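For reference, the structure is listed below as structure tokens.
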Protein chains: 2
Amino acid sequence: MTIAGENTENQILTAASQVFILKGFDGARMQAIADQAGINKALLHYYFRSKEKLFDAVFSEVAANLFPAMKQVIEAELEMKEKITFFVKMYVKTLLENPFIPAFVINTLNTNPNRFLTHIKKAGINPMLLQKQIDEEAVLGLIRPMKAEHLLVNIISMCIFPFVARPIIQNIFEMNNDEYQLYLESRQTEIVDFVLKSITV
Amino acid sequence: MTIAGENTENQILTAASQVFILKGFDGARMQAIADQAGINKALLHYYFRSKEKLFDAVFSEVAANLFPAMKQVIEAELEMKEKITFFVKMYVKTLLENPFIPAFVINTLNTNPNRFLTHIKKAGINPMLLQKQIDEEAVLGLIRPMKAEHLLVNIISMCIFPFVARPIIQNIFEMNNDEYQLYLESRQTEIVDFVLKSITV
DNA sequence: ATATGATTTAACCATGTGGTCAAAATTAAT
DNA sequence: ATTAATTTTGACCACATGGTTAAATCATAT
């Protein structure tokens with residue numbers, strides 16, 4: 001077996017990622033993916049039986065790259081404030097490298113919920129651990145008591161939202177593309193500040 | 001001219017809203033809209049020339065209902081902390097009544113940016129005013145100094161995100177639908193708390 | 001060199017899709 | 001009641017779309 005097969009498969013996956021992420025499942029065209037990959041449309045069906053299967057492959061890969069890093073930080077051996085600092089900086093950095101992923105996931109989530117649910121395979125994040133740490137540190141007076149499901153969602157919301165609502169925000173605050181890039185980068189420290197100030201007793 | 005025309009037009013708009021919001025532009029089918037409205041597909045084209053035009057009509061209406069309330073609060077004569085309290089409660093309440101709108105807008109924004117840009121017509125929100133108020137109250141020591149584009153985005157992020165990422169959050173924290181509803185409601189006070197604690201000097 | 005299996009392609013196919021049109025049905029005007 | 005205008009419909013069209021197939025090309029082993 002030559003590696004050409006694997007190679008083509010990867011070409012297809014790369015092309016499919018790009019098109020699906022940009023257009024969503026419904027907006028993506030098999031022909032567009034084939035063109036992007038520089039191959040015949042029939043080859044798509046040779047490697048992946050259907051559009052759905054191809055999408056699943058792409059989505060799995062994308063989703064797989066999204067959660068583990070998160071999980072890793074959350075379960076790290078760090079004081080909560082350090083953990084938050086580290087998490088936000090890493091997460092926003094990841095988003096800066098893949099700015100269209102969040103909108104893609106949200107789009108899939110909401111227009112094809114069934115398609116998503118098959119892929120959810122337990123994000124693997126254990127909020128109990130997080131809550132435990134919050135409780136412990138609260139007792140020590142390091143942070144104020146709080147529910148993990150609010151703290152975590154607050155943080156992630158602030159990280160992700162500027163990526164999915166970019167056109168609106170950019171319009172309201174009249175930023176050009178360069179300015180918005182700087183804005184996104186500045187949010188790393190800004191979010192950390194904002195959160196730490198809030199959870200300090 | 002009878003009002004029957006207007007009536008049918010509204011029927012169509014209502015049906016179109018439902019289908020577009022649920023499926024997005026690309027996923028929506030004219031036939032599905034016609035069925036939902038209980039009319040013939042050709043009637044859609046009689047009242048609105050094309051799918052695009054129909055979508056525009058829907059999107060205009062949806063967008064029109066989204067910003068003005070926001071603008072109103074932001075320009076109100078209230079101290080910042082009161083303003084935030086009022087804004088968050090009102091905004092989350094609005095979202096609870098239209099839980100699928102944010103995902104719909106984000107979807108449109110990201111998969112059909114051009115379609116959106118024609119509708120953007122200046123959200124009308126003037127961030128300068130907000131910044132001015134922040135600066136003034138910061139001098140008075142009522143709140144800490146901060147950039148409006150971070151404060152406002154932080155707040156709106158936390159309000160909206162749980163509506164667009166619902167399946168993920170619900171999965172991670174293992175909530176059922178009722179629990180999630182309560183969670184969303186509880187966020188009204190939770191977000192206010194979180195923000196006020198953060199901006200207090 | 002040649003047979004064998006994997007890979008790639010061009011040409012097709014069935015169906016779905018947005019959109020059109022002429023005729024029917026309904027409403028309004030005389 | 002008759003005409004004219006508006007609204008609604010069923011049938012239809014051109015084209016796009018996901019998918020198939022048989023043949024061609026390529027690689028590999030003998």
Side-chain angles (χ1 to χ4, degrees), chain A residues 1-60 104 107-108 111-112 114-116 118-119, chain B residues 1-60 104 107-108 111-112 114-116 118-119:
Chain A
M1 159 101 67
T2 172
I3 59 158
E6 270 263 317
N7 213 351
T8 304
E9 201 170 315
N10 284 343
Q11 264 177 263
I12 293 175
L13 278 175
T14 304
S17 289
Q18 293 168 351
V19 176
F20 276 132
I21 287 173
L22 219 60
K23 302 277 191 173
F25 180 83
D26 295 319
R29 297 286 160 250
M30 292 299 267
Q31 187 60 58
I33 295 172
D35 292 349
Q36 180 76 14
I39 55 160
N40 191 286
K41 184 164 65 98
L43 252 199
L44 297 180
H45 291 91
Y46 176 76
Y47 281 92
F48 305 84
R49 291 181 52 79
S50 65
K51 186 183 182 184
E52 309 240 345
K53 294 265 174 56
L54 177 54
F55 181 87
D56 285 352
V58 167
F59 195 83
S60 295
F104 169 61
N107 178 14
T108 304
T111 57
N112 307 75
N114 50 325
R115 205 184 310 287
F116 172 76
T118 43
H119 275 277
Chain B
M1 162 99 66
T2 172
I3 58 159
E6 271 264 316
N7 213 353
T8 303
E9 201 169 315
N10 283 344
Q11 265 176 263
I12 293 176
L13 277 174
T14 303
S17 290
Q18 293 167 351
V19 175
F20 276 132
I21 287 173
L22 219 60
K23 302 277 191 174
F25 180 84
D26 295 319
R29 298 285 160 252
M30 292 298 267
Q31 187 59 58
I33 295 172
D35 292 349
Q36 180 76 13
I39 54 158
N40 190 287
K41 184 164 65 98
L43 252 200
L44 297 181
H45 292 89
Y46 177 76
Y47 280 93
F48 305 83
R49 292 180 52 78
S50 66
K51 187 184 182 184
E52 308 241 346
K53 293 265 175 56
L54 177 53
F55 182 87
D56 285 352
V58 167
F59 195 83
S60 294
F104 169 62
N107 179 16
T108 304
T111 58
N112 306 77
N114 50 325
R115 205 183 310 288
F116 172 76
T118 43
H119 275 277

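Letters A, B, ... mirror the listed sequences (proteins, then strands); counts begin at 1. Only a predicted model underlies this, so the values are computations on that prediction, with no experimental measurement involved.
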statement: Here the distance between atom C1' of C:dT7 and atom CD1 of A:Ile12, to the nearest Å, is 11 Å
query: Atom CD1 of B:Ile39 and atom C1' of D:dT9: how far apart are they, to the nearest Å?
result: 11 Å
message: Check the orientation of A:Phe25 and A:Phe20. Use parallel for under 30°, tilted for 30 to 60°, and perpendicular for over 60°.
response: parallel
query: Side chains of A:Asp35 and A:Val19: closer than 4.5 Å at any heavy-atom pair?
result: no
task: For atom NZ of A:Lys23, decide whether the heavy atoms of other residues, nucleotides or ligands shown that lie under 6.0 angstrom number more than 12.
output: no
query: How far apart are the C-alpha atoms of A:Phe59 and A:Phe104, what are their side-chain angles, what is the distance that settles it, and do they pass the ring pair (Phe, Tyr, Trp, His ring centres under 6.0 Å) test?
result: CA-CA 9 Å; A:Phe59 195 83; A:Phe104 169 61; 5.8 Å; yes
task: Report the distance from atom OH of A:Tyr46 to atom P of D:dA23, rounded to the nearest whole Å.
output: 17 Å
message: If I take atom CG in residue B:Leu43 and atom P in nucleotide D:dT6, what distance separates them, rounded to the nearest angstrom?
response: 15 Å
Heteroatom pairs (N/O) under 3.5 angstrom, protein to nucleotides 13-20 of chain C:
unit_1, atom_1, unit_2, atom_2, d
C:dT17, OP1, B:Arg29, NE, 2.4
C:dG18, OP1, B:Ala28, O, 3.3
C:dG18, OP1, B:Arg29, NH1, 3.4
C:dG18, OP1, B:Lys51, NZ, 3.1
C:dG18, OP2, B:Met30, N, 3.2
C:dG18, N7, B:Lys41, NZ, 3.2
C:dG19, OP2, B:His45, NE2, 3.2
C:dG19, OP2, B:Lys51, N, 2.7
C:dG19, N7, B:Lys41, NZ, 2.8
C:dG19, O6, B:Lys41, NZ, 2.6

- request: Determine: side-chain N/O of A:Thr8 to OP1/OP2 of C:dT8, distance under 4.0 Å, yes or no.
  value: yes
query: Below 4.5 Å, heavy atoms only, C-beta onward: do A:Thr108 and A:Phe55 meet side chain to side chain?
result: yes
task: Could you tell me whether the phosphate oxygens of C:dT8, OP1 or OP2, come under 4.0 Å of any side-chain nitrogen or oxygen in A:Tyr47?
output: yes
message: Any non-hydrogen side-chain atom of A:Gln11 less than 4.5 Å from a side-chain atom of A:Gln36?
response: no
Value in whole Å for how far the P atom of C:dT9 lies from CG of A:Asp35: 12 Å
